[in-house]
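Counting convention: from 1, in listed order, for ligands and their atoms alike.
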Amino acid sequence: MPNLLEGKTALVLGVANRWSLAYAIAQAFRREGARLALTYQGDRQKTTVEELAAELGAEMLTGCDVTQEQDVDRLGRELAERFGGLEILAHSIAFANREDLSRPFVETSRSGYLLAHEVSAYSLVAVARIAQKLMKTGGSIVTLTYLGATRVIQNYNVMGVAKAALEASVRYLASDLGPSNIRVNAISAGPVKTVSARGVKDFGRLLDSFSEKAPLRRNTDPAEVADTAVFLASDLGRGVTGNIIFVDAGFQIMGL
Ligand code: NAP
């Protein structure tokens with residue numbers, strides 16, 4: 001079924017490089033006919049993301065550090081000027097200090113805790129607010145989460161707590177925005193080797209143990225995550241909101 005997103009405009013936040021889950025999502029959105037807007041966090045990533053944006057045929061690329069309110073407001077204005085509206089928002093952003101992803105959780109500093117929550121959870125609320133104004137006839141917001149939100153995963157620490165806040169935010173946003181026909185969901189992806197994931201101590205071991213235990217006996221392919229984002233963004237997902245959908249080769253069902 002081709003062109004599931006024909007006539008829709010998608011904003012994708014979180015493309016840093018070719019390994020980013022956001023890159024796979026942006027590729028799948030384009031494949032299905034969506035118009036694309038991308039952001040980069042700062043000058044450090046600008047050149048790389050410019051190249052990827054050109055390759056993807058993105059029509060808009062702008063800087064946006066989600067901790068900066070003026071950046072988020074400007075993003076909303078630029079989207080309104082360029083496209084007049086928005087139908088899809090993919091939020092694929094997270095950050096925690098590296099030391100908080102290796103030492104015991106009890107050692108997490110106040111500033112590290114707040115930073116992880118600001119970037120990884122509050123940012124969804126901030127961008128959902130601009131999306132609400134732009135999604136005049138409804139839309140779909142999708143974010144990325146991980147099993148560490150509800151289970152203790154060694155070294156995931158403060159990021160797990162931030163993901164729990166993110167998942168609760170998905171439910172509250174879904175309730176607020178549902179009457180405007182805006183759906184809000186999260187994809188809980190199995191571990192994938194990306195720059196962010198490599199910040200978690202012993203990530204390689206985590207990958208091995210996932211593929212050994214997952215019912216499908218393999219790790220998660222970013223393209224599988226992206227295709228689920230297409231489903232949620234398209235009219236096929238029109239009855240789904242406030243959900244956490246696992247795309248993890250089945251790992252989350254396993255006990256011993
Ligand atoms: P990634 O490629 O490193 O993507 C993370 C993105 O967040 C980067 O583009 C990064 O930009 C951006 N970011 C961080 N701080 C930001 C800020 N203040 N403002 C704007 N952007 C900011 O890693 P990824 O694995 O694809 O992560 C994407 C999402 O998937 C995250 O929410 C992650 O928790 C989630 N997820 C990942 C996995 C996995 O195993 N990889 C599993 C489940 C869920 P810079 O590079 O410029 O800092």
Give the atom numbers and elements of ligand 1 that come within less than 4.0 Å of a heavy atom of Ala197. 40 (O), 41 (N)
Would you check whether Gly190 reaches within less than 4.0 Å of ligand 1, judged by its heavy atoms? yes
Could you measure the distance from the CG atom of Leu11 to the CZ atom of Phe83? Nearest 0.5 Å is fine. 8.5 Å
Identity and separation of the nearest protein heavy atom to atom 9 (O) of ligand 1: Gly14 O, 3.0 Å
For atom 48 (O) of ligand 1, find the nearest protein heavy atom and state the residue, atom name and distance (0.1 Å precision). Gln41 NE2, 2.6 Å
Just need the protein heavy atom nearest to atom 23 (O) of ligand 1, so name the residue and atom and give the distance. Ser196 OG, 3.1 Å
Considering only the protein, which heavy-atom contact is closest to atom 25 (O) of ligand 1, and what is its distance? Thr194 OG1, 2.5 Å
What are the atoms of ligand 1, with element, lying closer than 4.0 Å to any heavy atom of Pro191? 40 (O)
Nearest to atom 41 (N) of ligand 1, what protein heavy atom do you find, and at what distance? Val192 O, 2.9 Å
Just to be sure I read this right, does ligand 1 sit under 4.0 Å from the backbone of Thr39, its side chain, both, or neither, counting only heavy atoms? neither
If we number the atoms of ligand 1 from 1 as shown, the ones under 4.0 Å from a heavy atom of Arg44 are 45 (P), 47 (O), 48 (O)
Find out whether Val142 and Ser140 are in side-chain contact, i.e. whether some heavy atom of one side chain is under 4.5 Å from a heavy atom of the other. yes
Below a 4.0 angstrom heavy-atom separation, can you tell me which part of Lys193, side chain or backbone, both or neither, approaches ligand 1? neither
Look at atom CZ of Arg103 and say whether more than 12 heavy atoms of other residues, nucleotides or ligands are closer to it than 6.0 Å. yes
Select one of side chain, backbone, both or neither to describe which atoms of Cys64 lie under 4.0 Å from any atom of ligand 1, heavy atoms only. backbone
So which heavy atom in the protein is nearest atom 6 (C) of ligand 1, and how far is it from that ligand atom? Ser92 O, 3.6 Å
side-chain contact (heavy atoms from CB on, under 4.5 Å) assessment of Glu224 paired with Thr228: CA-CA 6 Å; Glu224 298 166 347; Thr228 303; 5.7 Å; no
For ligand 1, the portion of Val15 having any non-hydrogen atom under 4.0 Å away: backbone
Is it the case that one hydrophobic cluster holds both Val12 and Leu21, taking links as side-chain heavy atoms less than 4.5 Å apart, direct or via other members? yes
Closer than 4.0 Å to some heavy atom of Tyr146 - which atoms of ligand 1 meet that? 43 (C)
Minimal heavy-atom distance between Leu101 and Tyr156, with the atoms involved, is CD2-O, 3.5 Å
On a heavy-atom basis, I'd like to know which of Gly148, Ala189, Ser188 is closest to atom 42 (C) of ligand 1. Ala189
Using modelled atom types only, decide if a donor and an acceptor are shared between the side chain of Lys136 and the backbone of Gly84 within a distance under 3.5 Å. yes
Hey, which atoms in ligand 1 end up nearer than 4.0 Å to a heavy atom of Asp65? 17 (C), 18 (N), 19 (N)
Would you say Ile187 and Trp19 are hydrophobically clustered, going by side-chain heavy atoms of ILVMFWY under 4.5 Å? no
Single-linkage hydrophobic cluster, 4.5 Å side-chain cutoff, Tyr40 and Ile25 together: yes
Note: ligand 1 atoms sitting under 4.0 Å from heavy atoms of Ala16 are 8 (C), 9 (O), 46 (O)
Option of least heavy-atom distance to atom 13 (N) of ligand 1 (set: Thr67, Val72, Thr48, Ile93): Ile93
Carefully, step by step, assess Tyr23 and Glu55 under the rule side-chain contact (heavy atoms from CB on, under 4.5 Å). CA-CA 11 Å; Tyr23 177 68; Glu55 200 180 281; 2.8 Å; yes
Which is closest to atom 46 (O) of ligand 1 by heavy-atom distance: Gln45, Lys46, Glu118? Gln45
Between Leu173 and the options Ile141, Thr143, Leu124, the side chain to side chain contact (heavy atoms under 4.5 Å, CB included) test singles out Leu124
Measuring from non-hydrogen atoms of Met159 to any atom of ligand 1, is the shortest distance under 4.0 Å? no
In this structure, atom 15 (N) of ligand 1 is nearest to the protein heavy atom Val119 CG1, 3.4 Å
How far is atom 37 (C) of ligand 1 from its nearest protein heavy atom, and which residue and atom is that? Leu21 CD1, 3.7 Å
Please step through side-chain contact (heavy atoms from CB on, under 4.5 Å) for the pair His117 and Tyr122, ending with a clear verdict. CA-CA 6 Å; His117 282 71; Tyr122 179 72; over 6 Å; no
Arg129 and Val125: side-chain contact (heavy atoms from CB on, under 4.5 Å), yes or no, with the steps? CA-CA 6 Å; Arg129 207 158 41 237; Val125 184; 4.0 Å; yes
Which distance, rounded to the nearest 0.5 Å, do you find between the CG of Leu79 and the CG of Leu89? 9.0 Å
